[in-house]
Amino acid sequence: ARTLVIQLAGDQLVPELVTLAVDRGGGNPLFLEEVTRTLLESGSDSIPPTVEALLRARIDRLPARLKVTLTTAAIIGQEFSRPLLEQVLGESQDLTATLRELVDQALLAESEVVPDVFRFRQPLLQEVAYEGWLNHRRKMLHRRIGEAIERMYANRLFEHLEKLARHFTRSEEWERAIRYHRAAGRKAATLCANQEAIQRFERALELLDRWPEALDRDRVAIDIRLDL
């Protein structure tokens, strides 16, 4: 544990803080890494008690531009593309420099296989960043992401049905959520993924109950059951 702290911190921490990081890390490599980063970045020996709290504090210490980019990316998911993030942020500025800073700070990693694709280095970091949004803002962003995918991949929606179903479900856009769950169910059926297909159709039925203004509810329910 001490070796890991020294590798991360170099000579930037005095021996007493190295010992503190080792003691508070408790043998958990992720916790140990975040404790060390907290000591380096905050200059304080006051350490939050959990990994989640450490990650939340680290996000909060970011400059506004980096924080907005990171937390918006978290709504897209564990992995995301730069063009989609640009669409969601609605900014004309190039995100390349911002994403590079987040990579340099070991918050994101860039795909070595697919150009312009990034992922969160730690799944827990994405979860913490996601939960940091107020519910109504999170719903708005999910809707914006879904609509951006519809625009960007209008001729290739078949490849993105599952993402569309997730984003419109979380934005409580029931009509589109049901439509895309059904489409994803049919896609799964054509791929002989029968269990997934059933789950998609059953989810569409569940969402139909949340859509009070639905027209021809009974007919839609029958159609979904016929899909099953």
Side-chain angles (χ1 to χ4, degrees), residues 59 62-103 105 107-188 190-191 196 199-200 203-204 206-208 210-211 213-214:
I59 292 169
L62 291 172
R65 174 175 54 89
L66 298 185
K67 182 177 179 180
V68 168
T69 300
L70 186 75
T71 55
T72 302
I75 305 295
I76 298 175
Q78 175 64 28
E79 186 176 271
F80 61 93
S81 72
R82 181 189 55 76
L84 177 56
L85 182 57
E86 282 181 337
Q87 287 284 316
V88 175
L89 288 171
E91 297 176 352
S92 58
Q93 69 187 56
D94 187 1
L95 277 176
T96 302
T98 300
L99 291 171
R100 175 52 50 198
E101 287 185 62
L102 291 169
V103 169
Q105 293 196 31
L107 294 165
L108 299 177
E110 188 170 4
S111 172
E112 298 178 357
V113 179
V114 185
D116 277 343
V117 170
F118 297 80
R119 62 174 175 80
F120 283 80
R121 278 195 69 233
Q122 303 164 2
L124 185 58
L125 173 64
Q126 185 260 333
E127 293 173 17
V128 170
Y130 181 91
E131 293 298 331
W133 287 99
L134 294 174
N135 187 52
H136 73 281
R137 290 282 296 164
R138 194 160 52 215
K139 285 164 55 177
M140 179 272 291
L141 285 167
H142 275 297
R143 184 180 70 251
R144 188 182 294 177
I145 293 164
E147 291 173 348
I149 293 172
E150 287 181 322
R151 289 192 306 273
M152 294 174 64
Y153 305 105
N155 297 321
R156 296 164 46 201
L157 288 184
F158 186 79
E159 301 172 18
H160 301 275
L161 295 173
E162 298 82 4
K163 293 177 183 176
L164 288 163
R166 178 168 66 89
H167 289 300
F168 285 122
T169 296
R170 294 191 176 185
S171 65
E172 298 183 6
E173 296 279 332
W174 304 126
E175 187 275 330
R176 284 188 284 192
I178 291 166
R179 186 200 323 156
Y180 286 120
H181 273 293
R182 289 185 68 187
R186 295 191 194 103
K187 174 182 175 180
T190 64
L191 298 174
E196 181 183 346
Q199 291 173 351
R200 291 286 181 182
R203 184 64 169 147
E206 291 174 11
L207 297 180
L208 186 59
R210 302 187 189 183
W211 188 24
E213 64 273 25

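Values below: all heavy atoms of this structure, side chains included; hydrogens, waters and symmetry mates excluded.
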Side chain proximity check, [X] to [Y], heavy atoms < 4.5 angstrom:
X    : Y    : answer
F168 : E150 : yes
T98  : R65  : yes
R144 : I75  : no
T69  : E101 : no
L191 : E196 : no
L125 : I59  : yes

Walk me through it: do E162 and R200 pass the test salt bridge (Lys or Arg N to Asp or Glu O under 4.0 Å)? CA-CA 9 Å; E162 298 82 4; R200 291 286 181 182; 5.2 Å; no
For the side-chain hydrogen bond (donor to acceptor under 3.5 Å, both in side chains) test, which of H167, E147, E172 pairs with H142?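 Per the side-chain hydrogen bond (donor to acceptor under 3.5 Å, both in side chains) rule, the option paired with H142 is H167, out of H167, E147, E172.
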In Å and rounded to the nearest 0.5 Å, what is the [atom1] to [atom2] distance from [X] to [Y]?
X    : Y    : atom1 : atom2 : result
F120 : I76  : CZ    : CD1   : 8.5 Å
I178 : H181 : CD1   : NE2   : 9.0 Å
L157 : K187 : CG    : NZ    : 10.5 Å
L164 : R176 : CG    : CZ    : 9.0 Å
F80  : K163 : CZ    : NZ    : 12.0 Å
L66  : L102 : CG    : CG    : 5.0 Å

Would you sort out whether E173 and Y180 count as a side-chain hydrogen bond (donor to acceptor under 3.5 Å, both in side chains), showing the intermediate values? CA-CA 11 Å; E173 296 279 332; Y180 286 120; over 6 Å; no
Using a strict threshold of under 4.0 Å (side-chain N to carboxylate O), is an ion pair present between R179 and E175? yes
Pair R82 + E86: basic N to acidic O under 4.0 Å: yes
Scanning both residues in full, the closest heavy-atom pair of L207 with W174 reads CD2-CZ3, 3.6 Å
Would you find a donor on one side and an acceptor on the other, under 3.5 Å apart, between the side chain of [X] and the backbone of [Y]?
X    : Y    : value
Q78  : R119 : no
R138 : Y130 : yes
R121 : A109 : no
Q126 : A74  : yes

Aromatic plane relationship, Y153 with H160 - under 30° parallel, 30 to 60° tilted, over 60° perpendicular: parallel
Taking atom CG as the centre, does N135 end up with more than 12 heavy-atom neighbours from other residues, nucleotides or ligands that are less than 6.0 angstrom away?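 Yes.
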